[in-house]
There are 2 protein chains.
Amino acid sequence: MLRFAILELLHRKPLSGYDLKKRFAGSVGFFWRAKHSQIYPELRRLESEGLVTASRVPHEWRPTKKLYSITAKGLEELVQWLRERPELQAGKDEMMLKCFAFHLLDPAQAADQIAHHRALHLKRLDSHHEAERQVEARHGSLESTGDPILFWNALTLHYAIAFEKTYIAWCDWALEQQRVFLERTASVDGVSRSGSGGVGSEHQKEEFALS
Amino acid sequence: MLRFAILELLHRKPLSGYDLKKRFAGSVGFFWRAKHSQIYPELRRLESEGLVTASRVPHEWRPTKKLYSITAKGLEELVQWLRERPELQAGKDEMMLKCFAFHLLDPAQAADQIAHHRALHLKRLDSHHEAERQVEARHGSLESTGDPILFWNALTLHYAIAFEKTYIAWCDWALEQQRVFLERTASVDGVSRSGSGGVGSEHQKEEFALS
DNA sequence: GGGAGCATGTAACCTGTTACATGATTTT
DNA sequence: AAAATCATGTAACAGGTTACATGCTCCC
């Protein structure tokens, strides 16, 4: 997979391993990332397979760069990959995994975790909005561009924004639900069950039948 | 990470490796999964660390089961992990990675990919809704339950649903945007640029400055 | 002098997937 | 008779992270 992300970036413009590393911090980085320790060996492999070519670009002061360019064969493979239908993939989400187990935490701690995570997502949403603003300032809005590269870039960025908004909305909703839940359970059986758990509580619930 | 998912499931009820495998297909499986080839060795490791205990349960016809239970030490580690704040993690999304490169595909193929993916997500949304319906039928609604386990289960399931809805809405929006884009570019420069790409087009765009 | 940025690489390790391997029972 | 379900495991490989390793320039 990584190879295709690299090939796509090289199609836009020849780049060094170092340049690629930076690309994975923004734009394409919303959907795929890699460390330099993974990028450099992958570039070698791509070169040995004839999908990219390298050329050394010496610079007087800085270290010599190796600029990689995509080959015709590389572009072919990239396009062929694009034509394949991707499977529905299942993401992993550590926060939600924890949330699944929050009945073991005292309610205040659980709420704090959610609130904290909300703040992280809000920060990322802001940085996405900032990115969107910059793209629009440079290249014009989605509605006016005639460049397909810009167009698809804007679409994917929009997805990243929609995703963050959904996450934040869920956090708000979850916090509200928890507030209601605590009020309800407190009034139903008083002090004896002060909230939603603690380590000592015993549960032998039937599993959910989720196909 | 996997170890904590396993410990949480074992806290609810003692399970075999095989049972765990099935759990990862639903409920907790929305956020974390594992194959049996990963589960069995992990259970051994957990046992050797004293976080779970195993007991053999022979059955007359079926193969002998190994039932694993969480220990006090295991529960401690689980709760400690829950208290740690998870980092904002960056998911990988193959479909969006492709989308990022769709300027290399002809517009009809790109649209087809999106429509196909939309269908997959819709299917998953339906199965989530079905799961929600079943949970409500068995245990009552989120608004009425007094059980913290059920409560947090319902919250996470709701997230999975919200996520799928966002994805589907994005697909619809993207298809509409593409339609508009194609009309606009067709009318602006006629036949010469028939849509958004093809393999031969040359682009040397500046990179996006996405911090 | 210290830190950040440029620039490239390797090695050890951990995680996860695919494939191999077995064997009984139940359902179609 | 074939396929699915129960049930457990191992081995080879692929993908990814962390840490190690180097060295130069520019800015504070």
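Letters A, B, ... are given to chains in the order of the sequence lines, protein chains preceding strands, and every chain is numbered from 1.
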Could you tell me how far apart [X] ([atom1]) and [N] ([atom2]) are, to the nearest whole angstrom?
X     : N      : atom1 : atom2 : value
A/K35 : C/dA7  : NZ    : P     : 20 Å
A/I39 : D/dG15 : CD1   : P     : 15 Å
A/E94 : C/dT15 : CD    : C1'   : 14 Å
B/R3  : C/dT15 : CZ    : C1'   : 13 Å
B/L2  : D/dG16 : CG    : P     : 18 Å
B/M1  : D/dT17 : CE    : P     : 14 Å
A/L20 : C/dC6  : CG    : P     : 14 Å
A/R33 : D/dG16 : CZ    : C1'   : 12 Å

To the side chain of [X], which of [options] is closest?
X     : options               : value
B/K92 : C/dA7, C/dT17, D/dG16 : D/dG16
B/S37 : C/dT18, D/dG9, C/dT8  : C/dT18
B/K65 : D/dT10, D/dT8, C/dG9  : D/dT8
A/Q38 : C/dT17, D/dG16, D/dT8 : D/dG16

Would you say [X] reaches [N]'s phosphate, i.e. side-chain N/O to OP1/OP2 under 4.0 Å?
X     : N     : result
B/Y18 : D/dC6 : yes
B/Y40 : D/dT8 : yes
B/K66 : D/dT8 : no

SB check B/K65 B/D19 (cutoff 4.0 Å): yes
N-O pairing of A/E130 and A/R133 below 4.0 Å: yes
Bending between helix ends of the helix from C/dG1-D/dC28 to C/dT28-D/dA1 [5 pairs per end, 10° resolution]: 30°
Touch class at under 4.0 angstrom, heavy-atom based, for B/R44 against every strand present: sugar-phosphate
Touch class at under 4.0 angstrom, heavy-atom based, for B/K21 against every strand present: nothing
Close side-chain approach of A/L105 and B/W152, heavy atoms under 4.5 Å: no
Pairwise side-chain contact, A/C171 with A/H121, heavy-atom cut-off 4.5 Å (strictly under): no
Passing option when B/L51 is tested against B/E76, B/R45, B/R3 for side chain to side chain contact (heavy atoms under 4.5 Å, CB included): B/R3
With a 3.5 Å cut-off and sequence neighbours excluded, list the donor-acceptor pairs that the side chains of residues 29-38 of chain A form with protein atoms.
{"unit_1": "A/R33", "atom_1": "NE", "unit_2": "A/G29", "atom_2": "O", "d": "2.7"}
{"unit_1": "A/R33", "atom_1": "NH1", "unit_2": "B/A90", "atom_2": "O", "d": "3.3"}
{"unit_1": "A/R33", "atom_1": "NH2", "unit_2": "B/G91", "atom_2": "O", "d": "2.5"}

B/H103 and A/E8 side chains, donor-acceptor separation under 3.5 Å: yes
C/dT8 base / A/S16 side chain donor-acceptor hit below 3.5 Å: no
Parallel, tilted or perpendicular: rings of A/W170 and A/W173 (30°, 60°): tilted
